[in-house]
Amino acid sequence: MNDVLKEIKSICDGIEYSRNVPEEAKKIAKQNNVVIIVGGSDDVMYCYGAKCYLTDSREHSYGWDGDTLQGIGDSFLEAEARQLGLMIWWCGQIYGTGLKIDGYDEDQSGAFSYTVNEDIESIDFKVMEDDYVYCTGKIIQLPDSFIPASPPQLNT
């Protein structure tokens, strides 16, 4: 496992829910082409780190009932999610698709979590709210082949 991912996990694991991650983790992620994803509310994905559409837009309103992030009407997010195989899981399911994580334990993983393709280097961390797991965040090393989406706001 990548030492940078482990370092970011050591900073983020067990943070109290706030829709944010520590500044130190954001800085390390940005310097190392890493994306940190954390859930907020019941339908928002916040992304920090590497320069790409995921982090430039930062707040993405997807996740209630889970989402494959395809066919959502945001071509930039769809393109980056497709490259990573990024999906949002609500209580271990993506409703309406039949996709389900066998043995998902909401007490251990929280209401929502994220997955990427198996060949993408990543690691999970827990976000807490009081004494329970709010969600499982994801730290993703963007592969060399990753092509950031290029909406006008990224080119300014």
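Nothing here was measured: the structure is a model prediction, and the numbers come from that model.
Nearest heavy-atom pair across Q108 and K126 is O-NZ, 2.9 Å. When every heavy atom of A81 is checked against every heavy atom of L69, the shortest pair comes out as CB-CB, 3.8 Å. Scanning both residues, I88 and M45, for their nearest heavy atoms gives CD1-SD, 4.0 Å. Heavy-atom minimum distance, M128 versus G14: CG-O, 3.7 Å. Shown here for E78 and G73, the closest heavy-atom pair between the two residues is OE2-N, 3.0 Å. When all heavy atoms are compared, the tightest approach of L142 to A50 is CD1-CB, 3.6 Å.
By the 4.5 Å heavy-atom criterion applied to side chains, F125 and I36 are counted as neighbours. Contact annotation: the side chain of P143 approaches that of I120 to within less than 4.5 Å [non-hydrogen atoms, C-beta and beyond]. In this structure, L5 and V34 have side chains that are in contact, with non-hydrogen atoms separated by less than 4.5 Å. Counting only heavy atoms from C-beta outward, the side chains of Y132 and D107 never approach each other to under 4.5 Å. Contact check for N20 versus V38: no side-chain heavy atoms found under the 4.5 Å cut-off. Looking at heavy atoms from C-beta onward, I72 lies in side-chain contact with Y62 at the 4.5 angstrom threshold. V127 places none of its side-chain heavy atoms less than 4.5 Å from the side chain of V133.
Here the two rings, on H60 and F76, have centers that are 6.0 Å apart or farther.
Not one N or O on the side chain of E59 forms a donor-acceptor pair closer than 3.5 Å with the backbone of Y46. With Q93 contributing its side chain and I101 its backbone, the two residues share no donor-acceptor pair below 3.5 Å. When atom types are taken as modelled, the side chain of E129 and the backbone of E16 share no donor-acceptor pair closer than 3.5 angstrom. In this structure, the side chain of T68 does not engage the main chain of M87 through any donor-acceptor pair within 3.5 Å.
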Evaluate the side-chain hydrogen bond (donor to acceptor under 3.5 Å, both in side chains) criterion for residues Y114 and D124: first the C-alpha distance (whole Å), next the side-chain angles of each, then the deciding distance (0.1 Å), finally the verdict. CA-CA 8 Å; Y114 308 89; D124 294 336; over 6 Å; no
After noting the C-alpha distance and the side-chain angles of F112 and T136, does the key distance pass the side chain to side chain contact (heavy atoms under 4.5 Å, CB included) rule? CA-CA 6 Å; F112 47 107; T136 299; over 6 Å; no
Step by step, work out the side chain to side chain contact (heavy atoms under 4.5 Å, CB included) result for K51 and D56. CA-CA 7 Å; K51 185 70 173 159; D56 191 58; 3.4 Å; yes
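A continuous path of Ile, Leu, Val, Met, Phe, Trp and Tyr side chains, each step under 4.5 Å between heavy atoms, connects V21 with V116, placing both in one hydrophobic cluster. Y104 and I37 are assigned to two separate hydrophobic clusters, defined by single-linkage of ILVMFWY side chains at heavy-atom distances under 4.5 Å. Linking ILVMFWY side-chain heavy atoms closer than 4.5 Å, directly or via other members, places I28 and I15 in a single hydrophobic cluster. When hydrophobic clusters are built by joining Ile, Leu, Val, Met, Phe, Trp and Tyr residues whose side-chain heavy atoms come closer than 4.5 Å, directly or via intermediates, I94 is not grouped with L86. Note: the hydrophobic cluster containing V35 does not contain W89 (ILVMFWY, side chain heavy atoms under 4.5 Å, direct or indirect links).
To the nearest 0.5 Å, the span separating OH on Y95 from CG on D65 amounts to 7.0 Å. Expressed to the nearest 0.5 Å, how far CD1 of I11 lies from NZ of K27 amounts to 10.5 Å. Of the inter-residue distances, the one linking I139 atom CD1 with K9 atom NZ reads 7.5 Å to the nearest 0.5 angstrom. Between the CD1 atom of I140 and the CG atom of N117 there is a distance of 10.0 Å, given to the nearest 0.5 Å. Rounded to the nearest 0.5 angstrom, C12 SG and E7 CD are separated by 10.5 Å. For the atom pair D67 CG and Q70 CD, the distance stands at 9.0 Å (nearest 0.5 Å).
Residues S113 and K138 have side chains that never bring a donor and an acceptor to within less than 3.5 angstrom of each other. Side-chain contact check for D74 and Y53: at least one donor-acceptor pair (N or O, by modelled atom type) lies under 3.5 Å.
A salt bridge links K26 with E23: the distance from a Lys NZ or Arg NE/NH1/NH2 to an Asp or Glu carboxylate oxygen falls below 4.0 Å.
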